[in-house]
2 protein chains.
Amino acid sequence: MPIDREGKLPLYRQIANELRRDIEAGRYAAGRRLPSENELAAYYEVNRLTIRKGICLLVEEGLCEKVPGRGTFVSEQQAALSARSA
Amino acid sequence: MPIDREGKLPLYRQIANELRRDIEAGRYAAGRRLPSENELAAYYEVNRLTIRKGICLLVEEGLCEKVPGRGTFVSEQQAALSARSA
DNA sequence: AAATATTTGTACGTATGTATG
DNA sequence: GCATACATACGTACAAATATT
């Protein structure tokens, strides 16, 4: 159970950490689409806006890119990085 | 620099005064939408809830009307008033 | 072409917790 | 204790872009 509601870390940061871990572990291939915000919200049992806030951090880090109407995608560079380290 | 954090007036009252001034100065046309709460929060560098509290005063005064999910709009009457005084 | 579904984007509404004066 | 202010989180509604049927 990844998310700790009693923890000190805000949920959206925990979400960001989880997703970052998954990306860096290569669980999402180069340019692949992440699950939709609604799917992630259902999976982690948090509000969709909390997911968005977490993903926003990853976008700022350059790990992800969002495309309106399409989804959120793993940045190519990041995919290359995790492939290299794998 | 409109907002004075050292002043005696609470921030939300200062915000209300600023917005009221802008409306009465005709800077927002009849029925026009104000900047979103988030935009105002960024502009004045205060929390969104502080903006909300300030706008709430204007709504009580009849200067503005809020529409859930759409925004805050200048009341038509008020627009007429400021047009008259202009 | 049209209608529908999916997905991200935006905006207000509400509640709780924390900190400060 | 109370008012002010901020951070977090969820709720709800609708718009815009895209994809599908």
Side-chain angles (χ1 to χ4, degrees), chain A residues 1-20 22-23 28-29 31-75 78, chain B residues 1-20 22-23 28-29 31-75 78:
Chain A
M1 41 197 66
I3 301 302
D4 175 18
R5 292 187 106 90
E6 317 302 320
K8 297 166 193 169
L9 257 190
L11 292 185
Y12 73 92
R13 288 193 178 275
Q14 295 185 47
I15 301 285
N17 289 343
E18 286 299 316
L19 293 176
R20 189 184 309 109
D22 286 345
I23 290 173
Y28 297 109
R32 185 174 149 187
R33 211 205 71 179
L34 295 183
S36 76
E37 294 175 348
N38 277 327
E39 287 170 336
L40 290 171
Y43 177 74
Y44 287 112
E45 295 181 305
V46 299
N47 188 274
R48 185 190 141 210
L49 296 190
T50 303
I51 297 291
R52 282 177 62 76
K53 217 167 167 185
I55 290 180
C56 184
L57 295 180
L58 303 186
V59 171
E60 289 171 0
E61 295 171 13
L63 258 77
C64 298
E65 294 162 13
K66 318 194 89 178
V67 182
R70 302 235 308 119
T72 303
F73 299 83
V74 179
S75 299
Q78 290 304 325
Chain B
M1 42 201 67
I3 301 303
D4 175 19
R5 292 186 107 89
E6 316 301 319
K8 298 163 192 168
L9 258 189
L11 291 184
Y12 73 93
R13 288 193 178 275
Q14 294 185 46
I15 301 285
N17 289 344
E18 286 297 316
L19 293 176
R20 190 186 306 108
D22 286 344
I23 292 172
Y28 297 110
R32 185 174 149 188
R33 212 205 68 180
L34 295 183
S36 76
E37 294 175 347
N38 277 327
E39 286 171 336
L40 289 172
Y43 177 74
Y44 288 111
E45 295 180 306
V46 299
N47 189 273
R48 183 189 143 209
L49 295 189
T50 303
I51 296 291
R52 280 177 65 75
K53 223 168 165 186
I55 290 180
C56 183
L57 296 179
L58 303 185
V59 171
E60 289 170 359
E61 295 170 12
L63 256 75
C64 297
E65 294 162 14
K66 315 193 95 183
V67 182
R70 302 240 306 118
T72 303
F73 298 83
V74 179
S75 299
Q78 290 303 328

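To find a chain, count down the sequence lines: A is the first, B the second, and so on, and within it residues start at 1. Source: prediction; values computed, not measured.
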Below 4.0 Å: OP1/OP2 of D/dT4 and any side-chain N or O of B/Lys53: yes
Among D/dC6, C/dT8, D/dG11, which is the nearest nucleotide to the side chain of A/Asn38? C/dT8
Reckon B/Arg52 has a side-chain N or O less than 4.0 Å from the OP1 or OP2 of C/dG13? yes
Is atom CZ of B/Arg70 surrounded by more than 12 heavy atoms (other residues, nucleotides or ligands) closer than 6.0 Å? no
Here the distance between atom P of D/dT8 and atom CG of A/Leu11, to the nearest Å, is 10 Å
Heavy-atom nearest nucleotide on DNA chain D for B/Thr50 versus A/Pro10: which residue maps closer to 5'? B/Thr50
Winner on side-chain proximity to A/Glu37, out of C/dC12, D/dC10, C/dT8, is C/dT8
To the nearest 0.5 Å, what is the distance between CG (A/Leu57) and CD1 (A/Ile15)? 11.0 Å
Do B/Arg48 side-chain and C/dG13 base share a donor-acceptor contact under 3.5 Å? yes
Candidates D/dA19, D/dC10, C/dT16 - which lies nearest the side chain of A/Arg70: D/dA19
Given D/dG11, C/dA15, C/dT8, identify the nucleotide with an atom nearest to the side chain of A/Leu49. D/dG11
If you apply the rule salt bridge (charged side-chain N to carboxylate O under 4.0 Å, His left out), what do you find for B/Glu37 with B/Lys66, and how did you get there? CA-CA 11 Å; B/Glu37 294 175 347; B/Lys66 315 193 95 183; 3.0 Å; yes
